Amino acid sequence: MTAATTAPAGSKPDDRSPGTGDTGDPFDKDVLPTPPGATAALLRSLLAPRKARVAVTTLLLLLQQAVVQAGPLFVAYAIDRAVPAFRAHDHGPLIAVGVGYLACAVAAGGLQWAFIAAAARVNQDVLLDLRGRIFRHAQALSVDFHERYTSGRLISRSTTDVESLRELLDEGLQELVTVILSFVYISAMLLWLDLGLGGVAVASLVPLYALVRLYQRRARRVYRARSTAIAAVIVKFVETMNGIRPVRAFRREAANDADFGALNRRHERTNGDALLEMARYVTGSRLVANTAVAAIVLWGAYRVADGTLALGVLAAAVLYLRRLYDPIDRFGMFLNSYQSAAASLEKIAGLLAQTPSVPEPSSPRQLPPLESEHPGREVVFDGVRFGYRTGGEVLPRFDLTLPAGQTVAVVGSTGAGKSTLAKLLARFYDPSDGRVLLDGVDLRDLPMPELRRGVVMVTQEAFLFSGTVADNIAIGRPDATREETEQAAKEIGAHDFISALPDGYDTDVRKRGGRISAGQRQLVAFARALLADPAVLILDEATSSLDIPGERAVQRAMATVLKGRTAVVIAHRLSTVEIADRVLVMEHGRIVEDGRPAELVAGTGRFADLHRAWRDSLA
Ligand SMILES: Nc1ncnc2c1ncn2[C@@H]1O[C@H](COP(=O)(O)OP(=O)(O)O)[C@@H](O)[C@H]1O
Ligand SMILES: [Mg+2]
């Protein structure tokens with residue numbers, strides 16, 4: 001292993017990372033080590049279905065090169081044979097050369113066009129495929145993946161990384177094939193024209209090769225640094241804009257400007273480094289090339305004077321030499337795009353190699369049929385232990401049975417583990433030990449669609465998708481009719497405010513006038529849940545944004561959605577607890593009180609204290 005590929009010990013310290021140990025995109029290394037062979041496998045899987053078209057494209061390029069490189073031969077023939085023949089009043093050879101040269105030019109143009117068209121179709125197809133795969137795969141990955149791998153990173157994968165692959169495919173590969181082919185063709189031609197001159201030209205490729213290797217090693221480092229720097233800029237950008245409200249609220253603008261400025265400057269510096277490497281490489285290769293041309297012209301002229309070399313051969317040799325060295329600069333660019341693309345493809349392969357931590361069951365089980373019209377299902381937490389990847393155990397050992405149709409309210413201080421309980425029941429995560437059962441079936445054995453139909457969670461955020469209000473309610477049950485959608489909204493008590501919107505149910509929630517408040521969003525989310533009609537419903541502080549005057553309406557709405565189902569209501573305010581059959585008080589991932597609301601209120605425990613404090617606050 002050479003020192004240049006790793007950070008050599010004793011190299012100058014990296015004074016370029018802004019702030020606290022931010023090295024840009026550490027997650028790609030720490031969280032997503034790309035399995036060996038994954039990158040090559042990805043490339044194969046992209047090209048294999050398009051084998052025939054890739055072959056045709058390559059063939060077109062080979063033909064085009066063969067035709068292009070024939071040019072100087074015509075010149076040599078013209079100078080040494082056709083022109084002397086013309087002088088001797090034999091016009092045939094010169095006309096033949098002229099026609100031949102022209103025909104080559106036309107054929108080269110035509111083949112070039114055909115190649116570009118064919119390559120563009122293959123490339124677009126590959127990129128379309130890749131973007132689609134990134135999207136589908138990222139969407140299918142589990143919640144815990146998205147908590148670690150930020151959306152900025154995902155955006156970076158499907159934009160800059162796909163883009164650098166596009167550059168390689170569109171320009172780089174053609175460049176590479178052209179360079180290699182012209183080296184082979186031209187070296188052969190030169191050697192065939194004149195062994196001595198050809199020998200000098202071929203010998204000059206040795207220092208050029210060394211130069212390319214040196215450049216490649218140095219460029220890899222600067223291009224890695226550059227792609228990391230770009231990713232860091234995107235991540236910071238997305239993070240800031242996603243959190244624009246807290247940014248405003250806490251006046252983070254100046255600090256963010258400074259952070260972003262530092263990242264931006266680092267990107268600029270890495271860009272400068274890349275250009276500098278390129279400049280060194282180009283200078284070096286020109287130096288070698290010009291020295292070789294000078295040597296060949298000198299020696300060739302001497303031999304022409306001597307009479308041991310035909311002038312036409314020297315002219316052709318010089319023309320070929322230019323063609324030999326011209327592509328070398330471009331070869332440097334190819335190496336750049338190759339290295340960026342390889343780094344990008346590796347990151348994409350790492351992403352695509354991720355498997356969902358909450359997988360579909362390999363041998364799925366079905367739920368038993370529901371008994372009457374609106375029964376819930378029994379929920380059992382059986383010896384469940386759980387902790388997030390980062391941090392300690394949140395639920396140390398959790399046992400709980402909720403009979404079908406029971407409404408249970410869960411209260412407890414922030415961080416007690418209430419939401420964690422809810423997320424395990426919705427199978428956003430799997431327990432590290434024990435089981436969560438729905439009517440006796442382990443959630444891990446349920447097909448995902450069945451689970452999503454059976455268990456619905458409404459959270460505080462009440463996210464709305466782009467589309468109309470009606471669309472957003474119907475997400476609960478896509479085959480619902482407009483009547484059913486409106487009926488659900490009416491039962492929840494959302495019909496009045498929806499009707500008052502500019503286009504009623506057809507109001508686009510992302511357009512002006514369609515903006516609806518946090519409380520109204522929660523009502524839409526309730527309507528969605530009601531329409532979905534799940535056996536188990538979880539409300540995680542789902543009423544927290546509803547204003548107090550609406551409390552009666554909220555109670556009614558809750559009673560409507562909860563009726564007949566098994567329900568877990570994580571209560572933010574104690575008034576909602578009153579509609580529950582049972583109350584659980586949680587502390588540190590454990591249930592510390594469990595009973596009917598009236599019992600707990602009358603008792604001397606935590607809940608009685610909470611309830612008294614709440615009563616007093618109302619008075
Ligand atoms: N996604 C997460 N990753 C790591 N730790 C988490 C995550 N979500 C919650 N926690 C931790 O788990 C504990 C319980 O959180 P949570 O279930 O959200 O509590 P509650 O809903 O009762 O306020 C807390 O200590 C919290 O910091
Ligand atoms: Mg919570």
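Computed from a predicted model, the values in this text were never measured in an experiment. Computed from heavy atoms alone, side chains included, the values below leave out hydrogens, waters and symmetry copies.
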If we only count heavy atoms from C-beta on, is the [X] to [Y] side-chain gap below 4.5 Å?
{"X": "V458", "Y": "Q522", "value": "no"}
{"X": "R582", "Y": "T407", "value": "no"}
{"X": "F381", "Y": "L402", "value": "no"}
{"X": "L537", "Y": "V561", "value": "yes"}
{"X": "L154", "Y": "H146", "value": "yes"}
{"X": "P534", "Y": "V536", "value": "no"}
{"X": "I134", "Y": "I348", "value": "yes"}
{"X": "V411", "Y": "M586", "value": "no"}

> Looking at residues at least two apart in the chain, or sitting in another chain, which of them share a salt bridge (Lys or Arg N to Asp or Glu O under 4.0 Å) with R50?
Replying inline: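 So R50 forms a salt bridge (Lys or Arg N to Asp or Glu O under 4.0 Å) with D125, D129.
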Restricting to non-hydrogen atoms, name the atom on [X] and the atom on [Y] that form the minimum distance, rounded to 0.1 Å.
{"X": "V469", "Y": "G504", "value": "CG2-O, 4.4 Å"}
{"X": "I570", "Y": "A422", "value": "CD1-CB, 3.9 Å"}
{"X": "R444", "Y": "D430", "value": "CG-OD1, 3.5 Å"}
{"X": "N242", "Y": "S151", "value": "ND2-OG, 3.5 Å"}
{"X": "E360", "Y": "P449", "value": "OE2-CD, 4.0 Å"}
{"X": "L451", "Y": "A426", "value": "CD2-O, 4.0 Å"}

>> Determine whether V247 and T240 satisfy the following criterion, side chain to side chain contact (heavy atoms under 4.5 Å, CB included), listing intermediate values before the conclusion.
In response: CA-CA 7 Å; V247 164; T240 305; 4.1 Å; yes
Taking [X] first and then [Y], would you say they form a salt bridge - that is, a charged N and a carboxylate O separated by under 4.0 Å?
{"X": "E147", "Y": "R389", "answer": "no"}
{"X": "D533", "Y": "R565", "answer": "yes"}
{"X": "R482", "Y": "D506", "answer": "yes"}
{"X": "D540", "Y": "K418", "answer": "no"}
{"X": "R477", "Y": "E484", "answer": "yes"}

> Between F386 and F398, does the ring centroid distance fall short of 6.0 Å?
Replying inline: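 No: the rings miss the under 6.0 Å criterion.
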> Does the ring center of H495 lie less than 6.0 Å from the ring center of Y505?
Replying inline: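 Close enough - the centres of the two rings lie under 6.0 Å apart.
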Answer yes or no: is there a donor N or O on one side and an acceptor on the other, between the side chain of [X] and the main chain of [Y], under 3.5 Å?
{"X": "D433", "Y": "V384", "answer": "no"}
{"X": "R453", "Y": "M448", "answer": "no"}
{"X": "T34", "Y": "A349", "answer": "no"}
{"X": "D439", "Y": "E378", "answer": "yes"}
{"X": "E593", "Y": "R606", "answer": "yes"}
{"X": "H137", "Y": "T355", "answer": "no"}
{"X": "E450", "Y": "P447", "answer": "no"}

[X] [atom1] to [Y] [atom2] distance, which is reported to the nearest 0.5 Å:
{"X": "L130", "Y": "N123", "atom1": "CG", "atom2": "CG", "value": "12.0 Å"}
{"X": "R131", "Y": "T159", "atom1": "CZ", "atom2": "OG1", "value": "8.0 Å"}
{"X": "L127", "Y": "D170", "atom1": "CG", "atom2": "CG", "value": "7.0 Å"}
{"X": "T566", "Y": "L425", "atom1": "OG1", "atom2": "CG", "value": "9.0 Å"}
{"X": "R148", "Y": "R153", "atom1": "CZ", "atom2": "CZ", "value": "11.0 Å"}
{"X": "I475", "Y": "L531", "atom1": "CD1", "atom2": "CG", "value": "10.5 Å"}

> When you look at R377 and L367, which way does the side chain to side chain contact (heavy atoms under 4.5 Å, CB included) test go after all the steps?
Replying inline: CA-CA 10 Å; R377 291 188 184 273; L367 287 169; 3.5 Å; yes
Review item, side-chain donor-acceptor pairs of residues 40-49, under 3.5 Å, at least two apart:
from: S45; atom 1: OG; to: L42; atom 2: O; distance (Å): 2.8
from: S45; atom 1: OG; to: R133; atom 2: NH1; distance (Å): 2.9
from: S45; atom 1: OG; to: R133; atom 2: NH2; distance (Å): 3.4

>> Ring-plane angle category for H611 and F607, please: parallel below 30°, perpendicular beyond 60°, tilted otherwise.
In response: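 Tilted.
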> Does the side chain to side chain contact (heavy atoms under 4.5 Å, CB included) test come out yes or no for Q339 and R224, once each step is laid out?
Replying inline: CA-CA 8 Å; Q339 268 158 1; R224 279 257 161 83; over 6 Å; no
Indicate whether any N or O donor in one side chain lies under 3.5 Å from an N or O acceptor in the other, for [X] and [Y].
{"X": "N472", "Y": "R528", "value": "yes"}
{"X": "T420", "Y": "Y388", "value": "yes"}
{"X": "S164", "Y": "S340", "value": "no"}
{"X": "E587", "Y": "S413", "value": "yes"}
{"X": "T468", "Y": "D508", "value": "no"}

Does [X], at its [atom1] atom, have more than 12 non-hydrogen atoms belonging to other residues, nucleotides or ligands within less than 6.0 Å?
{"X": "H588", "atom1": "NE2", "answer": "no"}
{"X": "F497", "atom1": "CZ", "answer": "yes"}
{"X": "Y338", "atom1": "OH", "answer": "no"}
{"X": "F135", "atom1": "CZ", "answer": "no"}

>> Would R157 and Y149 count as a side-chain hydrogen bond (donor to acceptor under 3.5 Å, both in side chains) here? Give the steps.
In response: CA-CA 11 Å; R157 287 308 80 86; Y149 203 83; 2.7 Å; yes
>> I473 vs I498, test: side chain to side chain contact (heavy atoms under 4.5 Å, CB included). Steps then yes/no.
In response: CA-CA 11 Å; I473 296 174; I498 297 173; 4.1 Å; yes
